[in-house]
Amino acid sequence: MRIFSAIRPTGEIHIGNYLGSIKEWLFLQDKNECYFCIADLHAITTPYNPKTLRKNILSLASTYLALGIDSLFIQSEVKEHTELAWLINTIVPVSLLQRMTQFKDKSKEHKEYINAGLLNYPVLMAADILLYKSEKVPVGQDQKQHIEFTRDIALKFNKQFGETFVLPEILVSKNQAKIMSLKDPTKKMSKTGDPKACIFLKDKEEEIIKKIMGAKTDTEKIIKFDAEHKKGISNLLSIYSAFSDKAIALIEKEYKDKSYAEFKKDLGELLVLKLRDFKKKYNEYLNHPDYVLDVLDKGKKRAQEKASLTIKEVRKKMGLD
Ligand code: TYM
């Protein structure tokens, strides 16, 4: 199976990004043809600092490697991504882009930065996926609309120019599809929200404990998964389950007569333990940039091989060659 996914180098990676995407990638990479990418061209659609972008890209590459991803590349280094995005732009209705949830949300968030790149974000994302004829896209639940958009565009292209693209499907891991904010569990955990509501992979050990102990829960004091009425504790149970690989029902049983404080303390310690190994490896990669650049270069060449074949085919079908 062919698989594509990406993360924007827009800041620190948090446990939502990890559980929603990279954890799943690790299972997939052994048995499939995987393309994992650093979406730098998507990162520049929201306000950013050009002086730190390159640093963020290399930091994200080191994060991928420290978590165990074997092959990766930088989106802007494979020029076929932007070429295909332009080509498919010509069949995308503007009204469809204006209706996308992320465009509406980000336009509200950055009123002074509503650029055409933000509007066309889903088109570039569709190009990323279609370029590799990807069958599955492992992402968090928040990306569902973008994958549906990609399918619609692939279908439209195939109808207009002849069978070319595979219709990709979203791949979401059940419990970890959406990790919520620790302070407001009705909202998703986000890189740009309140840092106290978010556990970053690189957080210091005492910060992790403090954030988990301060996570919002209800007053009922029963450790039970109920995503409707007990959003806070349910979110913490999902995180516990994902990091311990234990079923939620089993965790509920283990904590049947225990307090929220005891549960939170154990969860904090579990996260500290699991992230300790990551941080050590991350620092090693960060201190060996030549190695990281070499991996990125190999990834670029591998991606380009596949991407150039698709572009050739698309140019021909569209009458450009
Ligand atoms: P980004 O950087 O916003 O998010 C990266 C991945 O993390 C997932 N995610 C979450 N999962 C669970 N709980 C959360 N709280 C949470 N927050 C984020 C996202 O679903 C995503 O899988 N547009 C993409 C980047 C991209 C891409 C692509 C993805 C560019 N081209 C092509 C797939 C295919 C994004 O939002 O990245």
Side-chain angles (χ1 to χ4, degrees), residues 2-25 28 34-46 48 56-57 59-60 63-64 67 69 72-76 78 81-82 84-85 100-103 105-106 109 117-118 120-151 153-154 168-194 197-201 231 234-235 238-239 242 303 307:
R2 253 183 324 272
I3 311 259
F4 183 94
S5 198
I7 298 183
R8 292 170 303 147
T10 42
E12 300 277 313
I13 292 292
H14 56 69
I15 56 170
N17 299 129
Y18 167 61
L19 299 177
S21 56
I22 305 180
K23 189 169 184 239
E24 194 72 21
W25 304 359
L28 294 166
C34 293
Y35 296 91
F36 296 131
C37 163
I38 295 176
D40 55 344
L41 295 173
H42 280 109
I44 59 175
T45 59
T46 43
Y48 75 104
N56 288 346
I57 293 171
S59 164
L60 183 54
T63 303
Y64 277 19
L67 290 171
I69 298 298
L72 51 136
F73 66 99
I74 301 173
Q75 183 187 35
S76 69
V78 180
H81 286 249
T82 38
L84 185 61
M100 297 297 283
T101 311
Q102 183 175 294
F103 176 67
D105 289 352
K106 292 253 158 47
E109 204 181 319
L118 192 60
N120 285 309
Y121 187 112
V123 181
L124 179 59
M125 200 168 145
D128 293 341
I129 297 166
L130 299 178
L131 198 50
Y132 301 93
K133 306 216 169 172
S134 319
E135 291 147 278
K136 300 272 182 201
V137 187
V139 279
Q141 192 68 38
D142 61 323
Q143 296 298 309
K144 190 165 173 260
Q145 197 185 36
H146 285 148
I147 311 302
E148 281 163 2
F149 169 89
T150 306
R151 285 174 69 86
I153 298 309
E169 278 172 20
I170 187 168
L171 200 69
V172 254
S173 44
K174 242 196 276 141
N175 291 334
Q176 298 107 50
K178 202 166 184 184
I179 300 299
M180 309 310 276
S181 152
L182 299 179
K183 290 286 173 199
D184 177 359
T186 62
K187 292 199 186 119
K188 76 165 183 173
M189 186 176 280
S190 149
K191 288 177 204 163
T192 47
D194 175 2
C198 182
I199 305 238
F200 297 105
L201 299 189
K231 288 191 178 0
S234 300
N235 188 37
S238 295
I239 298 172

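Only heavy atoms go into these numbers, but all of them, side chains included; no hydrogens, no water, no symmetry mates. What you see is a predicted model; the values in this text were computed from it and never measured. Atoms within a ligand are numbered from 1 in the order they appear, just like the ligands themselves.
- Assignment of Val137 to the shell around ligand 1 is supported, since a heavy atom sits closer than 4.0 Å.
- Taking each heavy atom of Ile147 and Pro168 in turn, the nearest pair found is CG2-O, 4.2 Å.
- At least one N or O atom of Tyr121, backbone or side chain, sits closer than 3.5 Å to an N or O atom of ligand 1.
- When His81, Arg8, His42 are ranked by how near their heavy atoms come to atom 1 (P) of ligand 1, first place goes to Arg8.
- Aromatic ring orientation, His81 versus Tyr132: tilted (interplanar angle from 30° to 60°).
- Contact detail for Pro138 and Ser5: the closest heavy-atom pair is O-OG, 2.8 Å.
- Inter-residue side-chain proximity for Thr63 and Ile7 is flagged as unmet; no heavy-atom pair is nearer than 4.5 Å.
- Proximity of His14 to ligand 1, defined as any heavy-atom pair under 4.0 Å, is confined to the side chain (atoms from C-beta onward).
- The pair Asp194-Lys183 fails the salt-bridge criterion, with no side-chain N (NZ, NE, NH1 or NH2) lying under 4.0 Å from an Asp/Glu carboxylate O.
- Atoms of ligand 1 found under 4.0 Å from any heavy atom of Lys178, numbered from 1 in the order shown, are 12 (C), 13 (N).
- Under a 4.0 angstrom heavy-atom cut-off, Gln75 registers as lying outside contact with ligand 1.
- With ligand atoms numbered from 1 in the order given, ligand 1 contributes 2 (O), 5 (C) to contacts under 4.0 Å with heavy atoms of Ile7.
- Numbered from 1 in the order shown, with element, the atoms of ligand 1 that lie under 4.0 Å from a heavy atom of Lys191 read 1 (P), 2 (O).
- At under 3.5 Å, a nitrogen or oxygen of Gly16, whether backbone or side chain, sits near a nitrogen or oxygen of ligand 1.
- Residue Ile129 has no nitrogen or oxygen atom sitting less than 3.5 Å from a nitrogen or oxygen atom of ligand 1, judged on distance alone.
- At a 4.0 Å heavy-atom cut-off, ligand 1 touches Asp142 through the side chain alone.
- In this structure the side chain of Leu124 never reaches within 4.5 angstrom of the side chain of Thr45, judged on heavy atoms.
- Of the N or O atoms in Asp128, one or more lie within a sub-3.5 Å distance of an N or O in ligand 1.
- Looking at Gln141 next to ligand 1, no N or O pair under 3.5 Å apart turns up.
- The ring-ring contact (aromatic ring centres under 6.0 Å, His included) with Trp25 is formed by just one residue from the set Tyr35, Phe36, Tyr18; it is Phe36.
- Ring planes of Phe4 and Phe73: perpendicular class, angle over 60° (limits at 30 and 60°).
- Of the polar atoms of Asn17, at least one N or O is found under 3.5 Å from an N or O of ligand 1, judged by distance alone.
- Put simply, no part of His146 is less than 4.0 Å from ligand 1, judged by heavy atoms.
- Inclusion of Gln102 in the set of residues having an N or O under 3.5 Å from an N or O of ligand 1 is not warranted.
- Taking only nitrogen or oxygen atoms, main chain and side chain alike, Ser5 does not reach within less than 3.5 Å of ligand 1.
- Considering every non-hydrogen atom in both Met100 and His146, the closest pair reads CE-CD2, 3.4 Å.
- Between Ala197 and Ser181, the shortest heavy-atom distance links the atoms CB-OG, 3.3 Å.
- Listed by atom number, the atoms of ligand 1 under 4.0 Å from Ala39 heavy atoms are 30 (C).
- Annotation for ligand 1: atoms under 4.0 Å from non-hydrogen atoms of Gly140 are 11 (N), 19 (C), 20 (O), 22 (O).
- Here the side chains of Asp128 and Cys37 are not in contact, with every heavy-atom distance at 4.5 Å or above.
- Scanning all heavy atoms of the two residues, the minimum distance from Ser76 to Asp40 falls at OG-OD2, 2.5 Å.
- A donor-acceptor distance shorter than 3.5 angstrom exists from the side chain of Lys23 to the backbone of Ala242, with no hydrogens or angles considered.
- Set against the non-hydrogen atoms of Gly20, the atoms of ligand 1 under 4.0 Å away are 11 (N), 12 (C).
- Where the criterion is an N or O separation shorter than 3.5 Å, residue side chain and backbone included, Ala6 fails it with respect to ligand 1.
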